[in-house]
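Have a look at the structure below before the remarks.
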Amino acid sequence: MDMEESPLSSELVQSGLTTHTLGQKIICLPVTGSTNDEIKKLAESGAPDGTVVTAEKQTNGRGRLGRVWNSPPDGGLYFTILLRQPHLPKKLTNVTLLAGLAVCTALRESFPVDARIKWPNDVVVGSRKVCGMLAETGFANGSFQWVSVGIGVNVNNRIFPQELSRRATSLLLETGKPCSRCAVLQSILAHLEPLLGNGILPKTYTELCVSLGRQVRFSRCHQNFCGTACGISADGELLVRLSDGQETAVGSGEVTVQGIYGD
Ligand code: BTN
């Protein structure tokens, strides 16, 4: 039997934290609907840049495109970071790409896993997803105030619901050993802080991006397109070479990459 990891606490997380801002205020909850909703409430009542909320489980974990994020206790790491100026890069869209890079690098450095980024910010091992992110923005009186980055990492999950089992993996399943959620969180925050400070997308993003060179499909103005992903623009868009040789930049929405998650 594995030793069950103790619940995250602010003392535990902060005791090994090397950051100046991210996680300097941290609230660790046993359960919540969604850590993104908790951060929204805190942001609206003036919580500082870098505030983090974690939860042992979420009853209403949310994913991108209105999907549900499976958030059972024992195994998953669920947290959201609040970012305000000056911790926001000029290109807001780069926040999530930088967060994807921070998670990917943290996992690669701490564990023997070949983690890669599926543009824009899913982290995958092989063809399965190990981490997803949901970024949200807050406005007040018509002006932009904050960004929240909600991150879900499958750390010690042993099983997934049937509909996810071919698309999801965890660090435990990949390494064969239980991993410390606290260490994963500390390492992600430590990698993210300098990346946000620089603001630009480093070359390592492209090197770790598994989408490049693959066939991708996307839709624009109700028309479907396919082509080969050939680069990332300075604005964090996916550059796709279409079959007629033209290159186009895909900014948002759903892009399916052949060979990943059983597409
Ligand atoms: C996705 O891949 O669709 C995004 C998943 C984001 C999940 C995280 S878990 C912590 C935070 N709270 C949420 O409700 N969602 C994000």
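Remember, it's 1-based here, ligands and their atoms both numbered in the order they're listed.
Remark: ligand 1 atoms within the under-4.0 Å shell around heavy atoms of Thr80 are 11 (C). Residue-ligand proximity, Gly61 to ligand 1, at heavy-atom distances under 4.0 Å covers atoms 14 (O). Residue contact check: Phe79 has heavy atoms under 4.0 Å from atoms 10 (C) of ligand 1. Short contacts between ligand 1 and Arg64, defined as distances under 4.0 Å to a heavy atom of the residue, involve ligand atoms 1 (C), 3 (O), 4 (C). Using a 4.0 Å cut-off to heavy atoms of Arg62, the atoms of ligand 1 that qualify are 5 (C), 6 (C), 7 (C), 13 (C), 14 (O), 15 (N), 16 (C). Every atom of ligand 1 is numbered from 1 in the order shown, and the set under 4.0 Å from a heavy atom of Asn36 is 11 (C), 12 (N), 16 (C). Atoms of ligand 1 found under 4.0 Å from any heavy atom of Lys129 (numbered from 1 in listed order, with element): 1 (C), 2 (O). Within ligand 1, counting atoms from 1 as listed, the ones closer than 4.0 Å to a heavy atom of Thr35 are 10 (C), 11 (C), 12 (N).
By the 3.5 Å distance cut-off applied to N or O atoms, Ser34 is counted among the residues near ligand 1. Residue Trp69 has no nitrogen or oxygen atom sitting less than 3.5 Å from a nitrogen or oxygen atom of ligand 1, judged on distance alone.
Counting only heavy atoms of the protein, atom 12 (N) of ligand 1 lies nearest to Gln58 OE1, 2.9 Å.
Ring pair Phe144/Phe139 is perpendicular by interplanar angle, where above 60° counts as perpendicular and below 30° as parallel.
The NZ atom of Lys41 lies 6.0 Å from the OG1 atom of Thr32; values are rounded to the nearest 0.5 Å.
Closest heavy-atom contact between Gly100 and Ile117: O-CG1, 4.1 Å.
Residues Asp37 and Arg62 are paired through a salt bridge, judged by an N-O separation under 4.0 Å between the basic side chain and the carboxylate. The pair Arg116-Glu207 fails the salt-bridge criterion, with no side-chain N (NZ, NE, NH1 or NH2) lying under 4.0 Å from an Asp/Glu carboxylate O.
By the 6.0 Å contact criterion, CD on Gln162 is open, its count of non-hydrogen atoms from other residues, nucleotides or ligands being 12 or less. By the neighbour-count criterion of 12 heavy atoms within 6.0 Å, atom CG of Asp244 is densely surrounded, having more than that number from other residues, nucleotides or ligands.
Neither the backbone nor the side chain of Arg67 has any atom closer than 4.0 Å to an atom of ligand 1 (non-hydrogen atoms only).
Counting only N and O atoms by type, the side chains of Arg167 and Ser127 include no donor and acceptor under 3.5 Å apart.
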